[in-house]
Amino acid sequence: MDTKSFSSSESQSQSQRHNVPYIHKVGIPPKQDLLKEFKTTVKETLFSDDPLRPFKDQPKSRQFMLGLQAIFPILEWGRSYNLKKFRGDLISGLTIASLCIPQDIGYSKLAFLPPQYGLYSSFVPPLIYAFMGSSRDIAIGPVAVVSLLLGTLLQNEFDPVNNAHEYRRLAFTATFFAGITQATLGVLRLGFLIDFLSHAAVVGFMGGAAITIALQQLKGFLGIKHFTKKTDIISVMKSVFGSVDHGWNWQTIVIGASFLFFLLSAKYLGKKNKKLFWVPAIAPLISVILSTVFVYISHADKEGVAIVKHIAKGINPPSVNEIYFSGENLLKGFRIGIVAGMIALTEAVAIGRTFASMKDYQVDGNKEMIALGTMNVVGSMTSCYVATGSFSRSAVNFMAGCQTAVSNIVMSLVVFLTLKFLTPLFEYTPNAILSSIIISAVIGLIDYEAAILIWKIDKFDFVACLGAFLGVVFASVEIGLLIAVAISFAKILLQVTRPRTAILGRIPMTSVYRNIQQYTEASKVPGVLITRVDSAIYFSNSNYIKERILRWLTEEDDHLRKTYQPRIQFLIIEMSPVTDIDTSGIHAFEELYRSLVKRDVQLVLANPGRLVIDKLYASGFPDLIGENKIFLTVADAVLTCSPKIGQEV
């Protein structure tokens, strides 16, 4: 037999073999299989993993121990803890403690709370997290963005100066509900909700918040006494330049600028040489010590240099009785707590995942949420405000060689000693140095490289990034956050309601069909229009998909009529990307079929998935179009609709 006759006979056998409807190969599954598949679908929809898998086929005692380890991971990794690991944790814990103490004092000012509350929040929460968290590298404590957000939202309700007690109570209430929100998301395994805030929106929000925080520090950096309570750049600039003649203090500016240069130089040095990571870590504490000694010796506070003054001595006092559990302030705290808790959670989970990927271990997102929530609930009862993972401290912790969460315990103990014995030493610390420390810390939140990459990859993502950034800078933190969430949801809705569709063509000398816009060499099949829907078909997009396919058909018919080519006789829809279809989608297909009948065009489906074909048969749709119009592949469908194509392959 020669090659030509062999190809011809093979083509004919292929045509006969493939001209079998899809449903005959798969068959209609029995009801018990459908029920099993439904349970599997529900399970996979709600749970990306199987949380109960480790407990299967285990004795009761072992299940109890596994349950304790699930709640307290320290019981699992603690068994293999040794002196070598402790050495790494001790060094990293001491290093991040030297960074966190001056930062905490500064961040508490962002939240409009006395400086000791920043230190309180780096004592209790890290201890709780060390026992319950699953990340080895994350460093817990107050962070700039959450402090600013909390301070902004709280001062909208109470004046932090004239109503300091009510303001503090609302802060504890917000912290309590931030923890409840975080823990609830973890227990119910709803961590995917934080993913609704896209990476691009987070980049823009963080960048805008960094600039807002830096602008707020101009009050302490320039020695201005009367400063605007608004956070937008226009109001801040008016306040800054409106007090040039009578509000700026040159001694304060010299101190702030000198140490800011020192801090930025230390950060640059640490970035250039990874072995000198400890230089930018210890630089803030050195700055505080030197500036405090200088002010004390020179009596600069007598010349108008503002200082920290009194920091309460002693560990965290209980604050359970100060939390609002009733009244209108309960709702205020609940609202503020949800917002602050979600932002804190987004930052902590992102940090945990980043460093876990560097060390090639897994961070359980749900355990992280429970740990973060628990520490904030306990923190709210021990005079702490919202704490979360700090990127700058976590980076130092990572580079210092931390091995486990024990580094957080070491840091917490150092903070404990500071609260117990050393707080009076900070009395003469100038506010300008705290402003310099915060400015140098938040500069790293402006990720312009990520913004440029977002622009290159996805212009709509860049709109979300830019919108969040401009909202924070020119309006407020709340507006920026609202814009970030709104644009993120808008993108989701746009992708769901306007899914991508494509016209497919055949790659020469093959039976492969691909998007003709992506593969320019792909050619259309005469008399056949092949389209692909790249999405599940739901009520939200079914009409759009139907109208888009009909528009493809109309445009193709117009083109063929103008070029005097044969009209379209078959419309093949490639269904492999369609993961699901609902009743609205099936109804849209029925309407599409009726429209095609009027045009004398036959509807053909190729490779619908198991779930889709089950629903189509349940609705009786195959009886409407004919069971012989459902095929395994596009190639099978084309062999039937246009047999001569098969002879060209």
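If you're wondering where the values come from, they're calculated on a predicted model, not measured in any experiment.
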message: Does Arg136 qualify as a cation-pi partner of Phe355, given the criterion of NZ or CZ under 6.0 Å from the six-membered ring centre and within 45 degrees of its axis?
response: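 Here Arg136 fails the 6.0 Å and 45° test against Phe355.
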query: What pair of heavy atoms forms the shortest contact from Ser542 to Gly585, and how long is it?
result: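 Closest heavy-atom pair between Ser542 and Gly585: CB-CA, 3.7 Å.
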Looking at [X], I'd like to know if its [atom1] atom is crowded, meaning that more than 12 non-hydrogen atoms belonging to other residues, nucleotides or ligands lie closer than 6.0 Å.
{"X": "Lys459", "atom1": "NZ", "value": "yes"}
{"X": "Gln517", "atom1": "CD", "value": "no"}
{"X": "Phe64", "atom1": "CZ", "value": "no"}
{"X": "Trp455", "atom1": "CH2", "value": "no"}
{"X": "Tyr544", "atom1": "OH", "value": "yes"}

query: Any idea how Phe621 and Phe589 line up, ring-wise: parallel (<30°), tilted (30 to 60°), or perpendicular (>60°)?
result: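 Plane angle between 30° and 60°, so tilted.
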- prompt: Ignoring hydrogens and geometry, is there a side-chain-to-backbone donor-acceptor pair from Gln58 to Gln63 under 3.5 Å?
  reply: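 Here the side-chain-to-backbone pair does not exist.
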- prompt: Looking only at atom types and distance, does a side-chain atom of Arg514 sit under 3.5 Å from a main-chain N or O of Gln518, one as donor and one as acceptor?
  reply: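 Not confirmed, Arg514 side chain does not pair with Gln518 backbone.
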field: Test applied, side chain to side chain contact (heavy atoms under 4.5 Å, CB included); reference residue, Thr531; option that passes from Leu553, Ile572, Leu571
entry: Leu571
Would you compute the distance between atom [atom1] of [X] and atom [atom2] of [Y] and round it to the nearest 0.5 angstrom?
{"X": "Thr374", "Y": "Tyr129", "atom1": "OG1", "atom2": "OH", "value": "12.0 Å"}
{"X": "Ile338", "Y": "Leu345", "atom1": "CD1", "atom2": "CG", "value": "12.5 Å"}
{"X": "Thr497", "Y": "Ile545", "atom1": "OG1", "atom2": "CD1", "value": "10.0 Å"}
{"X": "Leu605", "Y": "Ser576", "atom1": "CG", "atom2": "OG", "value": "12.0 Å"}
{"X": "Leu453", "Y": "Asp461", "atom1": "CG", "atom2": "CG", "value": "10.0 Å"}
{"X": "Thr640", "Y": "Gln602", "atom1": "OG1", "atom2": "CD", "value": "11.0 Å"}

query: What's the verdict on side chain to side chain donor-acceptor pair (under 3.5 Å) for Asn156 and Glu478, showing C-alpha distance, side-chain angles and the deciding distance?
result: CA-CA 11 Å; Asn156 290 337; Glu478 309 100 287; 3.0 Å; yes
Is any NZ, NE, NH1 or NH2 atom of the basic residue among [X] and [Y] found under 4.0 Å from an Asp or Glu carboxylate oxygen of the other?
{"X": "Arg551", "Y": "Glu556", "answer": "no"}
{"X": "Arg189", "Y": "Asp364", "answer": "no"}
{"X": "Asp557", "Y": "Arg567", "answer": "no"}
{"X": "Asp534", "Y": "Arg532", "answer": "yes"}

Aromatic ring proximity Phe325/Phe176, centre distance under 6.0 Å: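 Centroid separation for Phe325 and Phe176: below 6.0 Å.
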- prompt: Quick one: does Ile452's side chain get under 4.5 Å of Lys456's, heavy atoms only?
  reply: yes
query: With a 4.5 Å heavy-atom cut-off, do Val525 and Phe570 have their side chains touching?
result: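 Sidechains of Phe570 and Val525: no contact.
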The single option from Glu368, Glu76, Lys367, Gln362 passing side chain to side chain donor-acceptor pair (under 3.5 Å) against Ser134: Glu368
- request: State, without any angle test, whether Glu555 and His559 hold a side-chain donor-acceptor pair at a distance under 3.5 Å.
  value: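 On atom types as modelled, these side chains do not qualify, holding no pair under 3.5 Å.
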- prompt: Ser535 and Arg498: side-chain donor and acceptor closer than 3.5 Å?
  reply: no
- request: Tell me, with the steps shown, if Glu574 and Asn607 meet side chain to side chain donor-acceptor pair (under 3.5 Å).
  value: CA-CA 7 Å; Glu574 158 69 297; Asn607 195 27; 4.6 Å; no
Evaluation steps, side chain to side chain contact (heavy atoms under 4.5 Å, CB included), between Leu372 and Met369: CA-CA 5 Å; Leu372 292 166; Met369 294 174 199; 5.8 Å; no
